[in-house]
Amino acid sequence: MIREAFGLTVPRFMSQVRVRFAPSPTGSTHIGTARTALFNWLYARKTGGKLVLRIEDTDKERNTDAALQELLNGLKWLGLNWDEGPEVGGEVGPYFQSQRGDIYQEYLQKLKDAGRAYEKDGAIFFKLEGERYTEYDDYHKADVEKVKTQPVVIEDIIRGNVTRREERDFVIVRSNGDPSFHFVNVVDDITMGITHVLRGEDHLPNTSKHVELFKAFGVKPPVYAHMAMILKDPKVGKGKMSKRDKGALIEEYQNRDFLPEAVVNFIALLGWSPKDDQEVLSIDELIERFDLKDLQKAGARFDEKKMSHINFEHMKRLPADKYLPPAISALSKAGLVDDSTDQDYLKRVLELCQQKIDSFEALPSFSAYFFSDDYTVDPKTEKKLLKRADAAERIQEAIPALEGLETFDAASIETAIQALADEKELKIFAWFPLLRFAVSGVGGGPDLLPMLETLGRDRVVSRLKKLAASLNA
RNA sequence: GCCCCGUUCGUCUAGCCAGGCCUAGGACACAAGGUUUUCAUCCUUGCGACAGGGGUUCGAAUCCCCUACGGGGUGCCA
């Protein structure tokens, strides 16, 4: 498993794909971070490779244990498990950068021995190879030392070969003794046997630094895949999505009871697409179709309406055992149901709502009137319906028709109203919207007939009477 | 400023690598109708794009160049 390379210990793995997700746990998890994790995970699962989770916690100030837990929770919630890393271990650990100091020292020494590192201003710089010269730099507004280096070619699955030239020495160990990101990133990728680096496009300009470092260590660089950024909704602003933007944090979807598989599905669709027009995909279907080569090169804009739609599609497909528990918990959180609620009734109501709501979040307001007589009345619907001159009359007529029903089910209700319509030479439509409004206070909802059946005769009749009374008053 | 990456309907995208099958396909959103019956569901239809300009070619969304625009980077942040 271990071979000697450049006099250093480097693991050797078969020709298996090894990818890594290397977040810095600084609090909430950004949707872009989640997408990077997802694509790494998908690639590992697709190829039968391994996903390494490496924690970049070198910044002691910002990286708290709580933040780490939050990150791991987010990944678990999304269903993105890792093969090596925190909690599961692995043979190329430790998986926290804060614990890899000895390894970094070993590699730093090698660079020094090779004459590729030098100290300046208390920091240690990586020394580029090539002729040196001084030039005024407009960005820094100063003369800076540059190096005429040979260009490096970055092998990128998404973008093809990208050629770039690094022309300034860069810091690998800061004056406070901490190794820098570029340095630890490369050392870790070498020592962990990473074969493919899948990360955000914002790292593309850094990659020439990384390739220089790989070359200095005498190690072949991994294959890269730089994926495009997730951009802000243009209505909100410009640039990449920031953690302050609406919908940017996966915790938000967790808190709002979105389905993790829907979030995964939606995130996957940002910059990637299956070729066959089927967009609503399960995790397994995602793995089956996923291919790094199909990633979009341009940035994708986040669209919360589409996110809701994908969630809705997944909601509709949920089997009862997956749908009922979170649905009930959403209702009980809203104080609409408790242990004394009739379980059979609750189940029937929930089934009625499943095909209509796009999130568990929407459920309480959508179904409140099933559980309480104290529900809100939509003033717009009220105005629209009750301004009809015959409203009171129609409701009055409906009361005895429904009250006297032998069995109170959808078919009987329909027959009764139809009879009424025939008798008055009116359309059934003269009653339906009024009935819905009378029992629910709103203009929309589940299919009317089964809804009335589920509510039951007592609730329906008493609500009709109540409305009739208020209209007469 | 310099470097790198990009640019197909309002949005996500298919098509581009291997030029003709593209009067450019799908989805979200929006609009209009329909479902003798509401509706946030469902169905139908509509709206709607190859950034611009030059080439190459019998033929270009597809290949090349330029411009414009967008994104990223240019840190002893990651």
Novice: Name the orientation class of the two ring planes belonging to F302(A) and F266(A) (parallel below 30°, tilted from 30 to 60°, perpendicular beyond 60°).
Specialist: perpendicular
Novice: Is D358(A) touching bases, backbone alone, or none of the nucleic acid, heavy atoms closer than 4.0 Å?
Specialist: nothing
Novice: Taking only N and O in the side chain of R164(A), is any of them less than 4.0 Å away from OP1 or OP2 of rU74(B)?
Specialist: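 Looking at the OP1 and OP2 atoms of rU74(B), neither is under 4.0 Å from any side-chain N or O of R164(A).
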Novice: Out of rG1(B), rG72(B), rC76(B), which nucleotide sits closest to the side chain of P205(A)?
Specialist: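 My answer, after comparing the listed nucleotides, is rG72(B).
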Novice: To the nearest angstrom, how far is K209(A) atom NZ from rA78(B) atom C1'?
Specialist: 12 Å
Novice: Could you tell me whether P446(A) contacts a base, only the sugar-phosphate backbone, or nothing, with contacts defined as non-hydrogen atoms closer than 4.0 Å?
Specialist: base
Novice: Could you tell me which nucleotide pairs with rC2(B) by Watson-Crick or G-U wobble geometry, both distances under 3.5 Å, or answer none if nothing does?
Specialist: rG73(B)
Novice: Using the C1' atom as the reference point in each nucleotide, state the distance between rA60(B) and rA24(B) in Å, no decimals.
Specialist: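 Their C1' atoms lie roughly 13 Å apart.
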Novice: With rounding to whole Å, what would you report as the distance between rC30(B) and rG71(B) at their C1' atoms?
Specialist: 28 Å
Novice: Does the side chain of Y43(A) come under 3.5 Å of the side chain of D291(A) through a donor N or O and an acceptor N or O?
Specialist: no
Novice: Using whole Å, what does the distance between atom C1' of nucleotide rA29(B) and atom CG of N311(A) come to?
Specialist: 17 Å
Novice: How close or far is atom P of rU74(B) from atom CD of E135(A), stated in whole angstroms?
Specialist: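 It is 19 Å, rounded to the nearest whole Å.
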Novice: Looking at rU11(B), which nucleotide sits across from it as a Watson-Crick or G-U wobble partner, both distances under 3.5 angstrom, or is there none?
Specialist: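 For rU11(B), the partner nucleotide comes out as rA27(B), under the 3.5 Å rule.
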Novice: List the residues meeting salt bridge (Lys or Arg N to Asp or Glu O under 4.0 Å) with D447(A), not counting sequence neighbours, and say none if there are none.
Specialist: K356(A)
Novice: Who passes ring pair (Phe, Tyr, Trp, His ring centres under 6.0 Å) against F429(A), sequence neighbours left out?
Specialist: none
Novice: Give one of base, sugar-phosphate or nothing for D276(A), where a contact means two heavy atoms less than 4.0 Å apart.
Specialist: nothing
Novice: Once you apply a heavy-atom cut-off of 4.0 Å, does D233(A) come out as touching a base, just sugar-phosphate, or nothing?
Specialist: nothing
Novice: Would you tell me if any nitrogen or oxygen in the side chain of K146(A) comes within less than 4.0 Å of OP1 or OP2 on rC2(B)?
Specialist: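 No, outside the criterion.
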Novice: Would you mind reading off the distance between H30(A) atom NE2 and rA78(B) atom P, rounded to a whole angstrom?
Specialist: 19 Å
Novice: Closest approach to the side chain of S175(A), judged atom by atom: which nucleotide of rG72(B), rC28(B), rC76(B) is it?
Specialist: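 Closest nucleotide to the S175(A) side chain: rC76(B).
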Novice: Does a side-chain N or O from H226(A) land closer than 4.0 Å to OP1 or OP2 of rC4(B), or not?
Specialist: no
Novice: With no hydrogens and no angle check, just 3.5 Å: does a side-chain donor-acceptor pair link N311(A) and R256(A)?
Specialist: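 Absent: no donor and acceptor within the cut-off.
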Novice: Using a 4.0 Å heavy-atom cut-off to protein, can you give one letter per nucleotide of nucleotides 5-21 of chain B, 5' to 3': B if the base is in contact, S if only the sugar-phosphate is, - if neither?
Specialist: BSS---SBSSS------
Novice: Sticking with atom C1', work out how far rG70(B) lies from rG33(B), rounded to a whole angstrom.
Specialist: 39 Å
Novice: Using the C1' atoms only, state how far rC28(B) lies from rC65(B), rounded to an integer number of Å.
Specialist: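 Here rC65(B) and rC28(B) have their C1' atoms 37 Å from each other.
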Novice: Quick check on K127(A): does its NZ atom have over 12 non-hydrogen neighbours (other residues, nucleotides or ligands) under 6.0 Å away?
Specialist: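 Counting neighbours around NZ of K127(A), 12 or fewer heavy atoms of other residues, nucleotides or ligands fall under 6.0 Å, so no.
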Novice: Answer whether the closest heavy-atom distance between the side chains of R100(A) and V184(A) falls below 4.5 Å.
Specialist: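 Heavy-atom side-chain distance check fails, nothing below 4.5 Å.
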Novice: Does the plane of the ring in F126(A) sit parallel, tilted or perpendicular to the ring in F170(A)? Use 30° and 60° as the thresholds.
Specialist: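 Rings of F126(A) and F170(A): tilted, as their planes differ by 30° to 60°.
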Novice: Measuring from the side chain of Y139(A) (C-beta onward, heavy atoms only), which nucleotide among rC77(B), rG75(B), rU36(B) has the closest atom?
Specialist: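 Of rC77(B), rG75(B), rU36(B), rG75(B) is nearest to the side chain of Y139(A).
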Novice: Distance between the P atoms of rG53(B) and rC9(B), in whole angstroms?
Specialist: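 To the nearest whole Å, 16 Å.
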Novice: Among rG75(B), rA27(B), rU36(B), which is the nearest nucleotide to the side chain of H309(A)?
Specialist: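 In terms of side-chain proximity for H309(A), the closest of rG75(B), rA27(B), rU36(B) is rA27(B).
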Novice: Side chain of F312(A) only, please: which of rG75(B), rU41(B), rC76(B) is the nearest?
Specialist: rU41(B)
Novice: Given the P atoms of rC17(B) and rC12(B), what is the spacing between them in whole Å?
Specialist: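 Nearest-Å result for rC17(B) against rC12(B) at atom P: 23 Å.
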Novice: Quick one: label K293(A) by what it contacts on the DNA or RNA (base, sugar-phosphate, nothing), any heavy atom closer than 4.0 Å.
Specialist: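 If one applies the 4.0 Å heavy-atom cut-off, K293(A) turns out to touch nothing in the nucleic acid.
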Novice: Name the pairing partner of rG59(B), where a pair is Watson-Crick or G-U wobble with both distances under 3.5 Å, or state none.
Specialist: none
Novice: Can you check the I172(A) CD1 to rA78(B) P distance for me, whole Å?
Specialist: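 Those two atoms, CD1 and P, are 14 Å apart.
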Novice: When you get a sec, tell me which of rG72(B), rG70(B), rA78(B) is the closest nucleotide to the side chain of D202(A)?
Specialist: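 The listed nucleotide nearest to D202(A)'s side chain is rG72(B).
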Novice: Round to the nearest Å and state the distance from Y118(A) atom OH to rC76(B) atom C1'.
Specialist: 12 Å
Novice: Ignoring hydrogens and angles, answer whether the base of rA78(B) and the side-chain atoms of N206(A) contain a donor-acceptor pair closer than 3.5 Å.
Specialist: yes
Novice: Would K120(A) count as a cation-pi partner of F125(A), with NZ or CZ less than 6.0 Å from the six-membered ring centre and within 45° of the ring normal?
Specialist: yes
Novice: Could you check whether R168(A) gets within reach of a base, just the sugar-phosphate, or nothing at all, counting any heavy atom under 4.0 Å?
Specialist: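 Touches sugar-phosphate only.
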Novice: Measure from CD on Q97(A) to P on rC77(B) and round the result to the nearest Å.
Specialist: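 After rounding, the reported distance stands at 14 Å.
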Novice: Between Y375(A) and F370(A), does a ring pair (Phe, Tyr, Trp, His ring centres under 6.0 Å) hold up when you go through it step by step?
Specialist: CA-CA 9 Å; Y375(A) 48 85; F370(A) 280 104; 10.0 Å; no
Novice: Using whole Å, what does the distance between atom P of nucleotide rA40(B) and atom NZ of K305(A) come to?
Specialist: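 That distance rounds to 14 Å.
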Novice: Please pick, from rG71(B), rG75(B), rC39(B), the nucleotide with the shortest atom-to-atom distance to any side-chain atom of K356(A).
Specialist: rC39(B)
Novice: Please pick, from rU74(B), rG1(B), rA78(B), the nucleotide with the shortest atom-to-atom distance to any side-chain atom of D137(A).
Specialist: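 Ranking rU74(B), rG1(B), rA78(B) by closest atom to the D137(A) side chain puts rG1(B) first.
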Novice: So with a 6.0 Å cut-off around NZ of K146(A), is the heavy-atom count from everything else above 12?
Specialist: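 Count over threshold, so yes.
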Novice: State the pairing partner of rG19(B); accept Watson-Crick or G-U wobble contacts with both distances under 3.5 Å, and report none otherwise.
Specialist: none
Novice: For G239(A), which contact category applies under a 4.0 Å heavy-atom criterion: base, sugar-phosphate, or nothing?
Specialist: sugar-phosphate
Novice: What distance, rounded to whole Å, do you find between the two P atoms, one in rU44(B) and one in rG26(B)?
Specialist: 12 Å
Novice: Rounding to an integer number of angstrom, what distance separates rC5(B) and rG52(B) when you compare their P atoms?
Specialist: 23 Å
Novice: For rA32(B), which nucleotide in any strand shown is its Watson-Crick or wobble partner with both distances under 3.5 Å?
Specialist: rU44(B)
Novice: Hey, which sits more toward the 5' end of RNA chain B by its nearest nucleotide, Q355(A) or V171(A)?
Specialist: Q355(A)
